[in-house]
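Here is the structure we will look at, set down as structure tokens.
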Amino acid sequence: MTLRTEPGATRVVRNTPDGAASPASAIAVLPSSGVTRRPEGTIHLTRGAIVVTTLPPAKQLIETDAGTVELGSQARVALVDGAVDVALLAGNATLRPRSGPELRLSAGQSVRFTAKGAMAPPAAMSPTEVGDAVRALVDPKAAAATAGSEEELHPLLRDRRLWMALGAGVAIAAAVMAAVVLALASRRKGGPAAR
């Protein structure tokens, strides 16, 4: 099955591999994006971006021309200038560039890779960095300064409402992750949450 979205349209689909009783993941195909679903459940991202949420204990394999992303969590995967940009919102992921070394991501990390490997080491996404990244994409002047001109931007990057909603969702996910980490740390140290 091939699915393409128009500018301004997002579609959410459940991905149930052939022969499975329940879905393995939910996939939000963001505006101006395209995916192909294979019978075994693999998703091939052909353009644009997707947000994937797996349903435990299932794993989701996402293929791109640069390599694969295997996750059992939630991530945004985008094709940007011939590379794959992965922002892991929850859980863990394994990235396998076509001819480069395997990469592992943990919740709250992001990386961009090509077929040869990571363009830089995986980096932690602080709430401030997430806000800065989203703000640059929401503000057409800031995005145009980075891309050259607003006309050169991919339609996905020009959709202010999408990036505002995505930024809010990422900020909420980051806040929830921070609260969980603080609660766990407090329990380990015998703090008030342990009582």
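- For the pair L61 and V69, the minimum side-chain heavy-atom distance is 4.5 Å or more.
- The two atoms that bring L45 and G34 nearest to each other are CD1-O, 3.5 Å, heavy atoms only.
- Closest approach of A49 and A78 over heavy atoms only: CB-CB, 3.6 Å.
- Two residues are said to be in side-chain contact when any heavy atoms from C-beta on lie closer than 4.5 Å; H44 and R37 fail this criterion.
- The line from CD of E6 to CZ of R4 is 10.0 Å long, rounded to the nearest 0.5 Å.
- Inter-residue side-chain proximity for I43 and Q60 is flagged as met; some heavy-atom pair is nearer than 4.5 Å.
- Salt-bridge formation is not detected for the pair K59/E70: no Lys NZ or Arg NE/NH1/NH2 atom is positioned less than 4.0 Å from an Asp or Glu carboxylate oxygen.
- Between T68 and L95, every side-chain heavy-atom pair lies at or beyond the 4.5 Å cut-off.
- Between the N15 side chain and the A26 main chain, no donor and acceptor come within less than 3.5 Å of each other.
- Nearest heavy-atom pair across S25 and V52 is CB-CG1, 4.3 Å.
- The backbone N or O of S32 sits less than 3.5 Å from a side-chain atom of T5, completing a donor-acceptor pair.
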Would you list the atom pairs, donor with acceptor, under 3.5 Å between side chains in residues 109-116 and any protein atom, with sequence neighbours excluded?
unit_1 : atom_1 : unit_2 : atom_2 : d
Q109   : OE1    : S106   : N      : 2.8
R112   : NE     : D85    : OD1    : 3.2
T114   : OG1    : K116   : N      : 3.2

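- Residues V51 and I27 are not in side-chain contact: their nearest non-hydrogen atoms beyond the backbone lie 4.5 Å or more apart.
- A heavy-atom distance below 4.5 Å is not found between the side chains of T94 and L103.
- Heavy atoms only, all atoms of each residue included: L71 and A75 are closest at CD2-CB, 3.8 Å.
- Shown here are the side-chain contact (heavy atoms from CB on, under 4.5 Å) partners of T53, two or more places apart in sequence or in another chain: Q74.
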Assess whether side-chain contact (heavy atoms from CB on, under 4.5 Å) is satisfied between M1 and R38, documenting all intermediate values.
CA-CA 7 Å; M1 166 184 88; R38 299 214 163 82; over 6 Å; no
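- Put simply, the side chain of L105 does not reach to within 4.5 Å of the side chain of N92, judged on heavy atoms.
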Audit row: T46, T36, side-chain contact (heavy atoms from CB on, under 4.5 Å) steps and yes/no
CA-CA 7 Å; T46 56; T36 299; 4.3 Å; yes
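- No more than 12 heavy atoms of other residues, nucleotides or ligands sit less than 6.0 Å from atom CZ of R11.
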